[in-house]
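Input: a single structure, listed below in structure tokens.
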Amino acid sequence: MSIKIISVAGARPNFMKIAPLMAAFGERPEIKPMLVHTGQHYDEKMSDLFFRQLGIPEPDVNLGIGSASHAVQTAEIMKAFEQVVLKEKPDVVLVVGDVNSTIACGMVAVKLGIKLVHVEAGLRSGDRTMPEEINRILTDSISNMLFCTEKAGVENLKSEGVADGRIFFVGNVMIDTLLKNREKAEASTIMDELELQPKGFATMTIHRPSNVDNVETFSRLLDAIEKIQAELPIICPMHPRTRNNLPKLGLKQRVESMKNLRILEPIGYLDFLKLNANAKVCLTDSGGLQEETTVLHVPCITMRENTERPSTCQVGTNQLVGTDPAAILAAWEKVKAGEYDNREIPELWDGQAAERIAEIIVSAN
Ligand code: UD1
């Protein structure tokens, strides 16, 4: 008997998670895989480039939804995805991460009586003003099988009353992708193009609404960034949300006056992996980068008040510092003193998570 699985990907951080799953499903004769792209992210640089570089198969269906308010985006994805599920009648719908596409497709599946699998379940920042936190809580509460990247995720789900038999600690599919592509990324010429030396620069990403939609917070972050860029170049591939906000918040000129802050368009997976692997430090508010830098043994300074990925701080290279410039600069001093070099890699972040997930799904169906 074959198990028909519709896997869903919508936004950039989903693509690195779906890639190893599609590969692992393709290896299993018991599984009939299908891929649906919701189109939440649609630019060449936010989407297509990742499909090509990570060898993700062409989506069987692209819903082409695009940008809109949260309610409209979620509703449009649900309307379009329901038609796909009704037509395809899958045995399982699999969603990853915490973006709007995750909860939208999850809700459609369970209401049609289809088994829902959530990969990267159980993560909690404790901050319900984050749209992703709402998506995580809701998706986990309706999923039939919940696959966790770290022990804290397992504990969170248990404390929310999820039955033990539905929770599986399998490791991290995002790290499967990183380990698989590390060698390939070595061939990237981006360091030469940008004239950078190993450990001679920082990388930075910043796009959380709480950081870049608010002029006071964004300005405070820039106070710290201004000082750090005076010591070493900061390479910042900029998310469209952040780029759009700079002129709106009146911060464009200030950013442009920082000569060592080098703003790029969003860049591909392999180039960014090469940069991060060679950076002295990574400054970020992203979720995935906290994990990737831990595996790369590169210090990470997370400019947020909370993290849903505590193992990166407990055993990895991550310092969670908030948005106070003094705290960011204190963390930078620790990086310079070598305090965050060579820490541990969390359990099961070994490149095999997708195979474990495929095996568990096959055994259960
Ligand atoms: C989404 C995810 C966030 C993830 C981020 C990674 C949710 C709630 N948030 O946030 O968890 O970290 O993706 O990128 O799902 N835009 C483009 N081109 C695109 C996509 C977006 O220009 O291909 C611009 C649009 O102006 C859009 C804005 O970016 O309005 C925000 O996009 P959206 O998908 O709504 O949320 P993100 O901020 O990207």
Side-chain angles (χ1 to χ4, degrees), residues 8-18 36-52 54 59 62-78 80-81 95-107 118-121 123-125 127-140 149 174 177 203-214 217-218 236-249 263-269 272 282 284-292 300 302-304 306-309:
V8 176
R12 187 173 57 181
N14 290 166
F15 305 142
M16 328 38 169
K17 295 168 195 168
I18 220 71
V36 172
H37 189 333
T38 65
Q40 179 175 343
H41 285 175
Y42 42 85
D43 286 349
E44 153 70 21
K45 289 179 180 141
M46 296 292 284
S47 177
D48 299 5
L49 182 55
F50 288 80
F51 274 74
R52 287 198 304 277
L54 301 178
N62 191 325
L63 306 178
I65 301 303
S67 304
S69 71
H70 283 261
V72 171
Q73 188 175 62
T74 307
E76 292 296 334
I77 294 171
M78 288 183 73
F81 188 62
V95 294
V96 297
D98 54 17
V99 301
N100 287 342
S101 302
T102 309
I103 179 59
C105 295
M107 213 149 34
H118 186 206
V119 174
E120 203 185 83
L123 297 181
R124 297 287 180 270
S125 67
D127 175 2
R128 290 199 178 204
T129 66
M130 272 179 94
E132 294 83 2
E133 182 75 351
I134 304 299
N135 294 340
R136 291 180 199 117
I137 294 168
L138 296 178
T139 305
D140 286 341
T149 52
M174 195 153 191
T177 295
T203 53
M204 181 169 87
T205 73
I206 169 169
H207 75 279
R208 291 255 93 76
S210 59
N211 279 341
V212 303
D213 289 2
N214 175 299
T217 311
F218 203 166
C236 175
M238 194 167 270
H239 189 282
R241 170 189 288 281
T242 313
R243 188 178 286 274
N244 295 341
N245 279 358
L246 283 176
K248 283 193 215 151
L249 300 179
I263 297 191
L264 314 179
E265 289 289 312
I267 60 176
Y269 184 81
F272 202 37
C282 172
T284 195
D285 61 6
S286 137
L289 266 173
Q290 298 173 52
E291 299 181 336
E292 291 170 336
C300 181
T302 298
M303 302 180 291
R304 287 173 45 186
N306 46 61
T307 180
E308 58 288 329
R309 293 161 160 90

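We count ligands from 1, going down the list as the structure has it; atoms in each ligand are counted the same way.
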For N135, all residues meeting side-chain contact (heavy atoms from CB on, under 4.5 Å), sequence neighbours excluded: N100, I103

message: Give me the residue, atom name and distance of the protein heavy atom closest to atom 35 (O) of ligand 1.
response: Q73 NE2, 4.0 Å

- request: For H207, counting its heavy atoms only, list the atoms of ligand 1 lying under 4.0 Å from any of them.
  value: 4 (C), 5 (C), 6 (C), 12 (O)

message: If you measure every N or O of E132 against every N or O of ligand 1, does any of those distances drop under 3.5 Å?
response: yes

task: Just let me know how P13 lines up against ligand 1, side chain, backbone, both or neither, with a heavy-atom cut-off below 4.0 Å.
output: side chain

Heavy-atom side-chain proximity of F81 to T38 below 4.5 angstrom: no

- prompt: Which protein heavy atom lies closest to atom 18 (N) of ligand 1, and at what distance to 0.1 Å?
  reply: D43 OD2, 2.9 Å

task: Could you tell me the separation between the CZ atom of R12 and the CG atom of L49, rounded to the nearest 0.5 Å?
output: 10.0 Å

message: Taking 4.0 Å as the limit for heavy-atom contacts, which would you say applies to M46 with ligand 1: side chain only, backbone only, both, or neither?
response: side chain

message: Please report whether ligand 1 has a polar contact with N135, defined as an N or O pair separated by less than 3.5 Å (distance criterion only).
response: no

- request: Tell me which one of A11, G66, S67, G97 gets a heavy atom nearest to atom 30 (O) of ligand 1.
  value: S67

task: Could you tell me the separation between the CE atom of M238 and the NE2 atom of H207, rounded to the nearest 0.5 Å?
output: 12.0 Å

- line: Rounding to 0.5 Å, atoms CG (N211) and CG (N245) come to a distance of 11.0 Å

message: Could you tell me if the side chain of R128 sits less than 4.5 Å from the side chain of I137, heavy atoms only?
response: yes

message: I need the minimum non-hydrogen distance between S125 and M130, along with the two atoms involved.
response: OG-SD, 3.4 Å

task: Kindly compute the distance separating CD1 (I65) from CD (E76), expressed to the nearest 0.5 Å.
output: 5.5 Å

- line: Logged contact type for E44 with ligand 1, heavy-atom cut-off 4.0 Å, is neither

query: Judged by non-hydrogen atoms, does K45 sit under 4.0 Å from ligand 1?
result: no

query: At what distance is the nearest protein heavy atom to atom 38 (O) of ligand 1, and which residue and atom is it?
result: R241 NE, 2.8 Å

field: Taking atom 26 (O) of ligand 1 as the reference point, the nearest protein heavy atom with its distance
entry: N244 ND2, 3.4 Å

statement: Between the CD atom in E120 and the OG1 atom in T102, the distance rounded to the nearest 0.5 Å is 8.5 Å

field: Residue, atom name and distance, where the atom is the protein heavy atom closest to atom 8 (C) of ligand 1
entry: N100 OD1, 3.3 Å

message: Give me the residue, atom name and distance of the protein heavy atom closest to atom 32 (O) of ligand 1.
response: H41 NE2, 4.2 Å

- prompt: Tell me, which protein residue and heavy-atom name are nearest atom 22 (O) of ligand 1, and how many Å apart are they?
  reply: P240 CB, 3.3 Å

field: Atom indices of ligand 1, in the order listed, that fall short of 4.0 Å to a heavy atom of H70
entry: 8 (C)

query: Can you list the residues that meet the side-chain contact (heavy atoms from CB on, under 4.5 Å) rule with S47, with sequence neighbours excluded?
result: F15, H37, F51

query: Can you tell me which residue and heavy atom of the protein come closest to atom 17 (C) of ligand 1, and the distance to 0.1 Å?
result: Y42 OH, 3.3 Å

query: Below 4.0 angstrom, N of the basic side chain to O of the carboxylate: do R124 and D140 qualify?
result: yes

